[in-house]
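Naming: A, B, ... by sequence-line order, numbering from 1 per chain. Only a predicted model underlies this, so the values are computations on that prediction, with no experimental measurement involved.
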There are 2 protein chains.
Amino acid sequence: MSAIEPQPESSELTTLRTSSLTSVVEKEIERMILGGTLKPGERLNEFQLANRFGMSRGPLREAMRSLNARGFVEVVRNRGVFVRQIPVEEALEIYDLRSAVFGLAGRLLADRLTDEMLVDLKSYLVRMDQLAEEQDFEAYYPLNLEFHAYLVTATGSKTLKREYQSFVDRLHLCRARTLVQANGLAVSNHEHREMVDALASGNVSRAHEAFFRHVQRAKLRFVSTLRDADIRRD
Amino acid sequence: MSAIEPQPESSELTTLRTSSLTSVVEKEIERMILGGTLKPGERLNEFQLANRFGMSRGPLREAMRSLNARGFVEVVRNRGVFVRQIPVEEALEIYDLRSAVFGLAGRLLADRLTDEMLVDLKSYLVRMDQLAEEQDFEAYYPLNLEFHAYLVTATGSKTLKREYQSFVDRLHLCRARTLVQANGLAVSNHEHREMVDALASGNVSRAHEAFFRHVQRAKLRFVSTLRDADIRRD
DNA sequence: ATATGGTCGATTGCCGACAATTCCTCCACC
DNA sequence: GGTGGAGGAATTGTCGGCAATCGACCATAT
């Protein structure tokens, strides 16, 4: 073994050599936002954050600008940056965009589906069916995410994958969206089966339709839970 | 005339009171990139740019981070930022995304088209037909852009408009895309008429199809001009 | 002649400090 | 009691400087 071999254990040093401090802290704050540590509408104090991460305000501000461009935070001059809070109307718009992009994913996939991919997808269906039957939401949710990630990755379009993920992330910034996914496990999985069947048929527009409608129905479920919350609030 | 009166001519200073120096220089560099002053692959020297704009490197670096997140430039640690150069494969992916989003625009518009909007759209068609017949590409191109901008704006979805514009902008960063639009003026306008007709019919999926296929055909025209260039190069 | 090693200039990454603005508090006044 | 304004604390916007890193060029040895 050569002495010049890269050291696998120096993850922190290697990271700082590869990425800049700015990108590291950007990812960290993104994680805190999506993880719920930082809540929508909350103000991000530059000085406090810089101290917490043991760095100066310069790189932190650069990270903020990047997060702003990506839609995670909002910058108000001389007032500071706030975690983006997405109103319901905009969430609906994002659902539409997401369904359009997801529909494209169905279209692309129907044309390049391999036997191996079909096996993987059916495996997802079986496992999710089982969890849906057991009403195990805790386990169903991440598997559902993984299923969707598999699909958009399998399109082979990095751009599509990035944009789709961007929409999914942004929907997390809508306060009203908490507990949306709680209802309709089996319903959702029925739609998944329709999607996979459409892909297997090789019919492009049928796949498009199945994928598009899946997100549109998620949007409708979102709206109905919204209405339920409104009624309850009265 | 009072000495404290705000100076109406100081557009630059006034701008600085409203937006930050960072956002001003970001827009300026974006303009320089899209306008062709800064070419894809070109390196952006922080020191030079800061001097040219008469500011320090801090705000400039923040602007760079934002432009990076928006896909206009690429940042390489310790080496600098470069104007993003989009390879052909990625341009094709973007065309697909753009057609999916544009298809959604057609869908939304078919449901909310007013008589007034229809009049505006038909006016566009007439003017563009005329310019196409005169082969006046110089005048046709901006009107074509305006027509598309009208459509995505009329959807009422700010999110859709922003994302669509983002795709259009990014396509400008593909070197191979120069002179794409040169061919097929009348062809393109025939598709425009199909789109407006579909909208007027109120048929949602027909509108979707017309809008989607319009961009898909633009993608095909892009591919064919690419092939022509390849043949010519041999 | 090519490859290896070292030095130097240029440029970026990061930091601390100062200036400008906003926000909060408190007091005077109506 | 409520309203308006002055003053101070907190926070952001911007700047210049230092250290680290990279690329280019040259010297030297094989």
Atom CZ of B/Phe53 and atom P of D/dT14 are separated, to the nearest Å, by 14 Å
How many Å lie between CZ on B/Phe82 and C1' on D/dC22, as a whole number? 11 Å
Are B/Leu92 and B/Phe222 close enough that some pair of their side-chain heavy atoms sits under 4.5 Å apart? yes
Please list, pair by pair, any protein nitrogen or oxygen found under 3.5 Å from a nitrogen or oxygen in nucleotides 11-13 of chain D.
unit_1	atom_1	unit_2	atom_2	d
D/dT11	OP1	A/Asn45	ND2	3.3
D/dT11	O3'	A/Arg43	NH2	2.7
D/dT12	OP1	A/Arg43	NH2	3.3
D/dG13	OP1	A/Asn78	N	3.3
D/dG13	OP2	A/Arg61	NH1	2.4
D/dG13	OP2	A/Arg61	NH2	3.1
D/dG13	N7	A/Arg57	NH2	3.0
D/dG13	O6	A/Arg57	NH1	3.2

For the pair made of CG in B/Asn51 and C1' in D/dG16, what is the distance, rounded to whole Å? 12 Å
Could you verify whether a donor N or O on one side chain and an acceptor N or O on the other, from A/Ser123 and A/Arg127, lie under 3.5 Å apart? yes
Side chains of B/Arg70 and B/Ser66: donor-acceptor distance under 3.5 Å anywhere? no
Cation-aromatic face contact B/Arg98/B/Phe212, 6.0 Å, 45 degrees: no
Test side chain to side chain contact (heavy atoms under 4.5 Å, CB included) applied to A/Phe82 and A/Val76, A/Leu38, A/Val75, the passing residue: A/Val76
Is the CZ atom of B/Phe47 crowded by more than 12 outside heavy atoms at less than 6.0 Å? no
Separation of D/dT14 P from B/Leu60 CG (nearest whole Å): 12 Å
